[in-house]
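Structure, as structure tokens:
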Number of protein chains: 2
Amino acid sequence: MTEKQQNIFNAALELFSSEGVDATSTSKIAKRAGVSEGLIFRHFKNKEGLLQAILEEGLNKGEAYFREIASEENPKKRILSALQLPFSISPNEYPFWRLFYTLKWQRCNIETEGVMDFRTSLSDAFTQLKYTNPEAEARLVEAIIDGVATEILIKNLDPQPLLQCLLDKYKLK
Amino acid sequence: MTEKQQNIFNAALELFSSEGVDATSTSKIAKRAGVSEGLIFRHFKNKEGLLQAILEEGLNKGEAYFREIASEENPKKRILSALQLPFSISPNEYPFWRLFYTLKWQRCNIETEGVMDFRTSLSDAFTQLKYTNPEAEARLVEAIIDGVATEILIKNLDPQPLLQCLLDKYKLK
DNA sequence: TTATTGAGTGAGTAATCACTTACAAATGTA
DNA sequence: TACATTTGTAAGTGATTACTCACTCAATAA
């Protein structure tokens with residue numbers, strides 16, 4: 001990636017996540033990146049290609065987190081790590097995750113392989129711990145992760161107290 | 001509301017929620033509603049006014065649910081009703097709530113008076129039940145409601161098992 | 001030196017955007 | 001009946017959209 005290509009990438013990520021993809025014109029991106037509009041199309045083919053490049057980079061990082069948790073042997077620790085996930089998002093990753101959660105609602109919902117493995121590994125953990133409905137428990141944890149992540153990404157309050165409450169409910173203190 | 005005005009309202013709600021506000025042009029709305037484009041501006045002033053009309057109607061209904069729960073006297077029952085909330089969304093309200101959750105991420109996050117009362121009433125309930133951090137518990141319940149609602153609105157799986165798991169965690173069986 | 005190539009530009013393109021305007025049809029109301 | 005108001009339409013408006021094209025420039029290689 002050349003410097004200007006990176007500028008385009010960064011400008012697009014910021015604008016896509018704060019204003020939305022459809023409300024962000026290529027001319028706006030070019031201006032913010034300090035670049036001619038044509039360069040966007042040389043490097044990324046079209047607006048959709050630029051979005052895909054951003055998504056690919058972010059999802060690769062995300063997948064790594066999921067795989068790490070899924071590979072944890074101890075079932076209690078695995079569930080603990082899963083619940084901690086939204087609390088460990090670094091602020092410099094906020095723009096990507098805001099974009100990600102927005103896109104969930106339009107365009108296709110991105111169900112990556114890693115997320116599916118993650119879900120079954122959670123389900124297995126609940127099975128080992130003799131929960132009566134492990135699949136539902138896994139879905140619930142996923143929903144809680146999404147809900148807490150949303151709270152963290154949208155409001156800017158200290159999220160830490162929420163984690164304490166959560167660990168109570170799963171007896172993971 | 002005349003019949004054609006209602007057609008515009010319905011067409012816009014469907015398109016806004018499925019494609020997104022910015023990706024929905026007024027000409028598309030007019031076509032879907034079987035109406036000339038100009039009529040949209042006669043009845044709703046502009047595209048933003050149309051969105052606001054949709055939001056106002058939906059939020060009024062939503063506020064009513066929140067107030068009903070907040071007025072429940074028994075603290076355990078109040079928390080129970082809150083957790084049941086996302087499971088009681090009627091499918092014909094799905095388009096509005098999909099639109100609502102999408103808009104959370106762009107445009108200003110709509111913090112209505114009713115939601116704030118709802119939050120403090122939850123906090124009060126947790127106080128009465130001697131939870132150590134009632135405010136955080138209330139925020140967590142809100143986050144869980146959002147997460148579960150998202151799961152219900154996006155995927156189309158039977159949500160009922162999730163409710164059972166949830167009630168376990170709050171000892172509300 | 002000369003040829004080739006990839007980065008970068010800026011002025012275009014047709015299509016679409018939200019919105020307006022002039023006017024016709026329908027509806028009430030005296 | 002006559003007239004005023006509301007409901008509705010069709011054909012526009014200028015601005016903006018994503019994208020293209022012809023071009024320059026700098027670096028590298030033969």
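In what follows, chains are A, B, ... by sequence order, proteins preceding strands, each numbered from 1.
At the phosphate of C:dG6, neither OP1 nor OP2 sits under 4.0 Å from any side-chain N or O atom of A:His43.
For the pair B:Ile29 CD1 and C:dC17 P, the computed distance is 11 Å after rounding to whole Å. Atom CE in A:Met1 sits roughly 17 Å away from atom C1' in C:dG8 (whole-Å rounding). In this structure, B:Leu39 atom CG and D:dT6 atom P are separated by 15 Å, rounded to whole Å. Straight-line distance from the CD1 atom of A:Ile40 to the C1' atom of C:dG6: 18 Å, rounded to whole Å. Between B:Lys31 atom NZ and D:dT9 atom C1' the separation is 15 Å, expressed in whole Å.
Side-chain contact, A:Ser81 with A:Glu72: no donor N or O sits under 3.5 Å from an acceptor N or O. A donor and an acceptor atom, one from each side chain of B:Glu56 and B:Gln52, are nowhere located under 3.5 Å apart. Defined by atom type and a distance below 3.5 Å, a donor-acceptor pair is present between the side-chain atoms of B:Thr26 and B:Glu37.
Remark: B:Lys155 NZ is packed, more than 12 non-hydrogen atoms of other residues, nucleotides or ligands lying under 6.0 Å away.
Under the ring pair (Phe, Tyr, Trp, His ring centres under 6.0 Å) criterion, the residue pairs touching residues 48-78 of chain B are B:Phe66-B:Phe118, with sequence neighbours excluded.
Using a 4.0 Å cut-off on heavy atoms, none of the residues of residues 4-13 of chain A approach DNA chain D.
Not counting sequence neighbours, B:Glu68 has no partner by the side-chain hydrogen bond (donor to acceptor under 3.5 Å, both in side chains) test.
Smallest separation of non-hydrogen atoms from B:Arg78 and B:Ile69: CG-O, 3.2 Å. Taking every heavy atom of both residues into account, B:Leu162 and A:Leu140 meet most closely at CD2-N, 3.7 Å.
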Are there any protein N/O atoms within less than 3.5 Å of an N/O atom in nucleotides 26-29 of chain C, and if so, which ones and at what distance?
none

Q. Just by protein heavy atoms under 4.0 Å, how would nucleotides 18-24 of chain D read 5' to 3' in B, S and -?
A. BBB----
What pairs of donor and acceptor atoms, side-chain ones from residues 123-136 of chain B against any protein atom, are under 3.5 angstrom apart with sequence neighbours left out?
{"unit_1": "B:Thr127", "atom_1": "OG1", "unit_2": "B:Ser123", "atom_2": "O", "d": "2.9"}
{"unit_1": "B:Asn133", "atom_1": "OD1", "unit_2": "B:Ala136", "atom_2": "N", "d": "3.3"}

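Rounding to the nearest 0.5 angstrom, the gap separating the CZ atom in B:Phe96 from the CG atom in B:Leu59 is 4.0 Å.
Ring geometry for A:Tyr101 versus A:Trp97: interplanar angle of 30 to 60°, hence tilted.
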